[in-house]
Amino acid sequence: AVIGTDAFQEVDITGITLPITKHNYLVTRAEEVAQTIREAFEIAASDLGLRHLAIVAHSMGGLVAHAALALVCRDGVPDWMELFVSIATPYGGHEAAGRGVQRAPEVVPSWRDVAPDSRFLSAIQATPLPAKLPLYLVFAYDNRGRLLHAPSGDGTVTLRSQLAVP
């Protein structure tokens with residue numbers, strides 16, 4: 001962790017937003033993100049009177065949102081949870097992240113999570129969302145890659161990975 005080292009123009013965003021928000025979280029470990037989001041949803045529903053919530057997430061955010069929704073919906077879909085929209089989410093992982101984990105002298109932590117067959121992706125694949133929760137899967141596709149013998153997808157995430165929904 002680089003918090004407290006003045007790395008990359010560090011700003012105490014939690015401290016800055018305390019006077020203008022009802023709840024604040026400082027998440028320092030990737031493993032804590034889904035649980036923190038679940039807690040935030042529950043606070044919004046119980047303390048703030050949230051009645052309708054649609055989650056829209058893109059790419060890696062779709063994976064994190066899926067993990068959080070699996071926790072939220074563990075005992076059934078809450079009345080306030082309306083739908084989940086996942087856009088170009090790499091459910092099947094990303095080969096470049098896997099190569100980075102294997103070969104790079106320093107590994108970006110999110111690479112470990114999105115590498116194919118990672119523990120994070122395996123956990124997501126093992127926890128499909130309830131059928132009662134509407135899922136809108138928006139995938140990105142560009143067919144020009146076939147001329148370059150590249151896999152179809154959005155130029156970053158392959159179509160195969162986007163469609164590997166649990």
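Any value given below was found using the heavy atoms of this structure, including those in side chains, with hydrogens, waters and symmetry copies removed.
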- Query: Tyr136: what forms a side chain to side chain contact (heavy atoms under 4.5 Å, CB included) with it, not counting sequence neighbours?
  - Reply: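 Tyr136 satisfies side chain to side chain contact (heavy atoms under 4.5 Å, CB included) with Leu83, Val85, Pro134 once adjacent residues are dropped.
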- Message: Going by side chain to side chain contact (heavy atoms under 4.5 Å, CB included), name the residues that satisfy it together with Ser86, two or more places apart in sequence or in a different chain.
- Response: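 Ser86 satisfies side chain to side chain contact (heavy atoms under 4.5 Å, CB included) with Phe84, Thr89, Tyr91, Leu135, Leu137 once adjacent residues are dropped.
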- Begin with the C-alpha distance, continue with both residues' side-chain angles, and end with the deciding distance and a verdict on side chain to side chain contact (heavy atoms under 4.5 Å, CB included) for Ile37 and Val64. CA-CA 9 Å; Ile37 291 173; Val64 172; 3.7 Å; yes
Can you name the nearest heavy-atom pair linking [X] to [Y], along with the distance?
| X | Y | value |
| --- | --- | --- |
| Gly100 | Val107 | O-CG2, 3.9 Å |
| Ala115 | Leu121 | O-CD1, 3.4 Å |
| Pro90 | Val114 | CG-CG2, 3.8 Å |
| Ser118 | Asp113 | OG-O, 2.6 Å |
| Ser110 | Met60 | O-CE, 4.3 Å |
| Ala67 | Ile124 | CB-CG1, 4.5 Å |

- Item | Set of side-chain hydrogen bond (donor to acceptor under 3.5 Å, both in side chains) partners for Glu95, sequence neighbours left out | none
- Applied to residues 116-133, the salt bridge (charged side-chain N to carboxylate O under 4.0 Å, His left out) test, sequence neighbours excluded, yields none
- Task: Please check if Leu63 and Val33 belong to a single hydrophobic cluster, counting links between Ile, Leu, Val, Met, Phe, Trp and Tyr side chain heavy atoms closer than 4.5 Å.
- Result: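 Yes, because Leu63 and Val33 connect within a single hydrophobic cluster, where side-chain heavy atoms sit under 4.5 Å apart.
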- Message: Membership question, hydrophobic clusters at under 4.5 Å side-chain separation (ILVMFWY): are Val77 and Phe41 in the same one?
- Response: yes
- Worked check of side chain to side chain contact (heavy atoms under 4.5 Å, CB included) between His66 and Val165: CA-CA 10 Å; His66 183 108; Val165 180; 5.6 Å; no
Atom pairs and distances, side-chain donor-acceptor, residues 17-26, under 3.5 Å, sequence neighbours left out:
{"unit_1": "Thr17", "atom_1": "OG1", "unit_2": "Ile13", "atom_2": "O", "d": "2.9"}
{"unit_1": "Thr17", "atom_1": "OG1", "unit_2": "Thr14", "atom_2": "O", "d": "3.3"}
{"unit_1": "Thr17", "atom_1": "OG1", "unit_2": "Asn24", "atom_2": "OD1", "d": "3.1"}
{"unit_1": "Thr17", "atom_1": "OG1", "unit_2": "Asn24", "atom_2": "ND2", "d": "3.2"}
{"unit_1": "Thr21", "atom_1": "OG1", "unit_2": "Thr17", "atom_2": "O", "d": "2.9"}
{"unit_1": "Thr21", "atom_1": "OG1", "unit_2": "Asn24", "atom_2": "ND2", "d": "2.8"}

- Expected output: side-chain Gln162 to main-chain Tyr141 donor-acceptor under 3.5 Å: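 Answer holds: no.
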- Restricting to pairs with a member in residues 39-48, which pass side-chain hydrogen bond (donor to acceptor under 3.5 Å, both in side chains), not counting sequence neighbours? Gln35-Glu39, Arg38-Glu42
